[in-house]
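Scroll down for the structure; my scribbles are underneath it.
Excluded from the calculations below are hydrogen atoms, water molecules and symmetry mates; all remaining heavy atoms, backbone and side chain alike, are included.
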Amino acid sequence: MNAKKYFVVPVAALAAGVATLPAMPAAHADSGWTYQADLAPINGSGAAGSLWLTLNGNQATVTEEVNGLAQTFMDAPYPHVQHIHGGAMGMCPDVSADTNGDGVVSTTEGAPHYGGIVTTLSAKGDTSPAAGTDVTLAPSGSAYTYKRTITLDSKSVEALKNGTAVIVVHGLDPAKIPAAARAAKSDLVPSLPLAATSPALCGKLTRSQMTDMPSGGVPTGGGSTADGSTGAYYAGGGALLLGAGALLATRRRFGKQS
């Protein structure tokens with residue numbers, strides 16, 4: 001059974017504040033800028049990753065590797081929508097962003113820190129904010145490599161240059177979040193569990209003095225996925241997602257971000 005026909009991940013977009021990154025001379029002006037993000041776990045996801053973005057004009061080549069994410073949904077790879085967020089504080093939220101004290105920083109709780117979607121890092125097709133919730137375009141599985149050259153709009157380029165661009169990867173394993181939050185409904189769509197819409201990885205994009213990725217860095221993969229040997233994550237949380245997925249069995253996409 002294809003999980004992507006049953007599972008949707010809505011995301012919220014909020015903006016607050018602007019952070020400015022001091023100017024740094026390019027290593028080679030004719031090669032454009034290179035930005036790098038160390039992707040750190042949020043909400044106890046246990047995941048990790050890194051992302052490089054080389055910008056030439058409005059053309060961005062994005063290369064990424066992640067591992068340790070939630071692995072499966074309904075016996076298929078778990079789709080992880082991911083984005084460049086911008087226009088806010090230019091930072092990842094810490095536990096203080098959990099304003100309701102349930103042990104999970106939800107999408108809306110974290111959004112004042114990282115802002116709204118400016119670019120969707122889809123594996124294929126549309127990369128606009130409108131594609132931000134389309135799991136049929138999302139990388140999937142517990143680990144994947146990704147490489148894609150895309151065209152950025154003016155908001156995305158501005159976020160990179162003014163230091164407010166942040167990478168966020170969504171989708172948690174319900175079995176790995178506190179019990180109180182495990183049974184909670186999404187802050188965005190009550191028919192989904194909170195885990196489905198919450199951030200799992202986050203990293204601020206910062207300018208690098210290097211114009212190329214270091215040797216032995218992130219491998220290329222054209223947006224492909226590669227399941228790791230991390231085991232079955234959903235032993236305790238799959239039933240919760242199954243119940244939510246059944247409510248949306250006829251939907252493949254949840255519209256635009258709120």
Side-chain angles (χ1 to χ4, degrees), residues 2-15 35 37 39 49 51-55 58-66 69-70 73 76-88 106-108 110-111 114-141 144-160 164-172 186-189 191-192 196-203 205 221-225 244-245 248-258:
N2 189 342
K4 295 181 181 179
K5 294 182 179 179
Y6 293 83
F7 183 69
V8 291
V9 180
V11 292
L14 300 175
Y35 298 81
L39 304 179
L51 182 144
W52 289 75
L53 184 153
T54 301
L55 182 67
N58 65 351
Q59 298 297 298
T61 298
V62 181
T63 311
E64 175 194 31
E65 180 180 294
V66 299
L69 290 166
F73 173 74
Y78 193 130
H80 294 282
V81 292
Q82 56 179 17
H83 319 94
I84 303 174
H85 291 247
S106 68
T107 300
T108 53
Y114 45 67
I117 298 171
V118 291
T119 294
T120 298
L121 297 178
S122 55
K124 61 182 180 180
D126 190 6
T127 60
S128 74
T133 62
D134 189 344
V135 298
T136 68
L137 306 179
S140 58
Y144 54 83
T145 61
Y146 175 97
K147 183 171 183 180
R148 191 174 181 196
T149 298
I150 59 179
T151 300
L152 300 184
D153 64 13
S154 60
K155 288 184 178 180
S156 301
V157 173
E158 181 182 3
L160 286 166
T164 67
V166 178
I167 301 296
V168 182
V169 181
H170 300 262
L172 296 171
S186 168
D187 53 324
L188 304 177
V189 178
S191 59
L192 290 174
T197 64
S198 297
L201 281 170
C202 183
L205 278 162
S224 65
T225 61
L248 297 175
T250 60
R251 304 174 91 182
R252 296 186 60 160
R253 181 171 175 166
F254 180 81
K256 296 184 178 180
Q257 60 178 335
S258 59

Practice task
Mind listing the closest non-hydrogen atom pair of L69 and V169 along with its distance?
Solution key: CD1-CG1, 4.2 Å

Problem - Interatomic distance, I84 atom CD1 to K155 atom NZ [nearest 0.5 angstrom] - result: 14.5 Å

Handout entry: For G171 against A200, the heavy-atom pair lying closest together
Key = O-CB, 3.4 Å

Handout entry: Ring geometry between H85 and Y114 (parallel below 30°, tilted from 30 to 60°, perpendicular above 60°)
Key = perpendicular

Exercise for the section: Decide side-chain contact (heavy atoms from CB on, under 4.5 Å) for V66 and Y146; before the verdict, give the C-alpha distance in whole Å, the side-chain angles of both, and the deciding distance to 0.1 Å. Expected result: CA-CA 9 Å; V66 299; Y146 175 97; over 6 Å; no

Exercise for the section: Keeping the roles fixed (side chain from H80, backbone from A70), state whether a donor-acceptor pair exists under 3.5 Å. Expected result: yes

Practice task
Would you kindly say whether S122 and T120 are connected by a side-chain donor-acceptor distance under 3.5 Å?
Solution key: no

Practice task
Kindly give the heavy-atom pair with the smallest separation between T164 and G87, and that separation in Å.
Solution key: OG1-N, 3.1 Å

Practice task
Say whether, by atom type as modelled, one donor and one acceptor occur between the side chain of S156 and the main chain of V118 under 3.5 angstrom.
Solution key: yes

Handout entry: Distance-only donor-acceptor check, side chains S106 and S198, under 3.5 Å
Key = no

Practice task
Show your working on side-chain contact (heavy atoms from CB on, under 4.5 Å) between L160 and L152 and close with a plain yes or no.
Solution key: CA-CA 10 Å; L160 286 166; L152 300 184; 3.6 Å; yes

Practice task
Work out which heavy atom in A111 is nearest to a heavy atom in A88; give both atom names and the distance.
Solution key: O-CB, 4.2 Å

Practice task
Look up atom CG in D153 and atom CD in E158, then write down how far apart they are to the nearest 0.5 Å.
Solution key: 10.0 Å

Handout entry: Side chains of E64 and T145, donor plus acceptor under 3.5 Å
Key = no

Completion exercise
P199 and L172 have their tightest heavy-atom pair at O-CD2, 3.4 Å

Problem - Criterion side-chain contact (heavy atoms from CB on, under 4.5 Å) on L121 and I167, from CA distance to verdict - result: CA-CA 9 Å; L121 297 178; I167 301 296; 4.0 Å; yes

Handout entry: Residue pair D126 / D134, side-chain heavy-atom distance below 4.5 Å
Key = no

Exercise for the section: Assess whether side-chain contact (heavy atoms from CB on, under 4.5 Å) is satisfied between L51 and L205, documenting all intermediate values. Expected result: CA-CA 8 Å; L51 182 144; L205 278 162; 3.8 Å; yes

Fill in the blank from the handout: All heavy atoms of T151 vs all of Q59, minimum pair found to be OG1-NE2, 2.8 Å

